[in-house]
Amino acid sequence: MFEITNSEQVKDAIKQEISLIYFSGENCSVCKVLKPKIEEKVTKNFPKIKLYEIKTDIYKELTSQFTVFSIPTTIVFFEGKEFKRYGRTMSIPLFLEEIKRPYDLMSE
């Protein structure tokens with residue numbers, strides 16, 4: 001997962017065909033548990049998705065641009081548009097199921 005540290009990197013990340021931005025915090029135990037699961041499943045099932053991370057406690061301005069109020073938050077973008085946003089508690093199987101169809105359509 002590539003760490004985003006400035007606005008230019010955010011713009012580049014969103015411009016990707018398919019991207020995922022994971023918002024986390026240093027003292028967030030849920031963030032630390034969920035991140036490797038998301039990385040593993042997305043990398044395995046959806047290799048074209050580019051993975052990015054924004055550390056909310058360090059990059060508050062970037063976090064506010066996306067109106068993220070709780071962590072972890074996961075946002076999936078397809079062709080520069082926000083497709084789906086997942087808050088604190090998310091089901092990994094449901095997450096994978098929801099992005100499978102649009103991912104398959106984009107990959108054709």
Side-chain angles (χ1 to χ4, degrees):
M1 209 174 266
F2 179 77
E3 184 176 333
I4 293 177
T5 59
N6 61 55
S7 294
E8 287 304 312
Q9 290 175 335
V10 168
K11 290 175 189 172
D12 290 341
I14 293 172
K15 283 181 191 175
Q16 301 295 317
E17 186 177 2
I18 308 168
S19 60
L20 178 151
I21 300 179
Y22 184 74
F23 293 84
S24 66
E26 188 63 36
N27 296 321
C28 172
S29 58
V30 177
C31 299
K32 291 177 183 173
V33 170
L34 194 57
K35 180 182 170 185
K37 291 179 182 179
I38 289 175
E39 280 183 302
E40 175 193 348
K41 297 294 185 181
V42 169
T43 304
K44 179 182 173 188
N45 296 300
F46 309 109
K48 290 185 179 178
I49 295 180
K50 306 286 188 229
L51 302 172
Y52 301 93
E53 178 179 18
I54 295 178
K55 297 188 186 250
T56 58
D57 44 351
I58 299 171
Y59 306 107
K60 294 178 172 113
E61 186 177 314
L62 294 177
T63 303
S64 68
Q65 289 177 7
F66 290 93
T67 59
V68 171
F69 296 110
S70 66
I71 53 174
T73 295
T74 304
I75 305 176
V76 179
F77 294 89
F78 285 96
E79 294 184 331
K81 299 202 184 331
E82 183 175 325
F83 167 72
K84 195 78 173 172
R85 182 181 291 237
Y86 301 89
R88 187 158 177 81
T89 55
M90 66 184 270
S91 162
I92 299 289
L94 180 60
F95 164 71
L96 296 173
E97 183 182 319
E98 288 180 339
I99 62 173
K100 182 177 182 357
R101 184 167 186 268
Y103 178 85
D104 289 343
L105 290 171
M106 295 287 294
S107 298
E108 290 180 350

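Each residue takes its place number in the sequence, starting with 1.
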What residues, two or more places apart in sequence or in another chain, satisfy salt bridge (Lys or Arg N to Asp or Glu O under 4.0 Å) together with [X]?
| X | result |
| --- | --- |
| Glu82 | Arg85 |
| Glu97 | none |
| Glu17 | none |
| Lys37 | none |

To the nearest 0.5 angstrom, please state how far the [atom1] atom of [X] sits from the [atom2] atom of [Y].
| X | Y | atom1 | atom2 | result |
| --- | --- | --- | --- | --- |
| Gln9 | Ile14 | CD | CD1 | 12.0 Å |
| Leu62 | Asn6 | CG | CG | 7.0 Å |
| Thr56 | Ile71 | OG1 | CD1 | 4.0 Å |
| Ser19 | Lys50 | OG | NZ | 10.0 Å |
| Ser24 | Glu3 | OG | CD | 8.0 Å |
| Ile49 | Ile38 | CD1 | CD1 | 11.0 Å |

Are [X] and [Y] connected in the hydrophobic side-chain network, where two residues link if heavy atoms are under 4.5 Å apart?
| X | Y | result |
| --- | --- | --- |
| Ile75 | Ile92 | no |
| Val10 | Ile58 | yes |
| Leu34 | Leu51 | yes |
| Val42 | Val30 | no |
| Ile99 | Ile18 | yes |

Q | Where at least one partner belongs to residues 52-76, residue pairs that pass salt bridge (charged side-chain N to carboxylate O under 4.0 Å, His left out), sequence neighbours excluded | A |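 Counting only pairs at least two positions apart or across chains, the salt bridge (charged side-chain N to carboxylate O under 4.0 Å, His left out) contacts touching residues 52-76 are Lys35-Glu53.
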Q) How would you list, by chain and number, every residue that makes a ring pair (Phe, Tyr, Trp, His ring centres under 6.0 Å) with Phe78, sequence neighbours excluded? A)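 With sequence neighbours excluded, Phe78 shows a ring pair (Phe, Tyr, Trp, His ring centres under 6.0 Å) to Phe83, given in chain and number order.
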**Q.** Close side-chain approach of Ser7 to Gln65, heavy-atom, < 4.5 Å
**A.**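 The answer is yes; the side chains approach within 4.5 Å.
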Q.
A side-chain contact here means heavy atoms from C-beta on lying under 4.5 Å apart; do Thr73 and Arg88 qualify?
A.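 A side-chain contact is absent here, since even the closest heavy-atom pair is not under 4.5 Å.
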(Q) Show me the pairs that pass ring pair (Phe, Tyr, Trp, His ring centres under 6.0 Å) and involve residues 53-77, at least two apart or across chains. (A)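 For residues 53-77: Phe23-Phe66.
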Q. Among pairs that include at least one residue of residues 88-108, which meet ring pair (Phe, Tyr, Trp, His ring centres under 6.0 Å), considering only residues two or more places apart or in two chains?
A.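 Residue pairs passing ring pair (Phe, Tyr, Trp, His ring centres under 6.0 Å), neighbours aside: Phe46-Tyr103, Tyr86-Phe95.
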Disulfide bond (SG atoms under 2.5 Å apart): pairs with one or both residues in [range], sequence neighbours excluded:
| range | answer |
| --- | --- |
| residues 13-60 | Cys28-Cys31 |
| residues 72-108 | none |
| residues 63-108 | none |
| residues 61-108 | none |

Q: Could you please spell out the steps behind the side-chain contact (heavy atoms from CB on, under 4.5 Å) verdict for Gln16 and Glu79?
A: CA-CA 6 Å; Gln16 301 295 317; Glu79 294 184 331; over 6 Å; no
Q: Dump the intermediate steps for side-chain contact (heavy atoms from CB on, under 4.5 Å) on Leu20 and Thr74, then the final yes or no.
A: CA-CA 7 Å; Leu20 178 151; Thr74 304; 3.7 Å; yes
(Q) I'd like to know whether CG of Asn27 has more than 12 heavy-atom contacts from other residues, nucleotides or ligands below 6.0 angstrom. (A)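 Incorrect, the count does not exceed 12.
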Q: Kindly say whether Leu94 contributes a backbone atom to a donor-acceptor pair with the side chain of Ser91 at under 3.5 angstrom?
A: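 Yes, the answer is positive, given that a donor and an acceptor are paired below the 3.5 Å cut-off.
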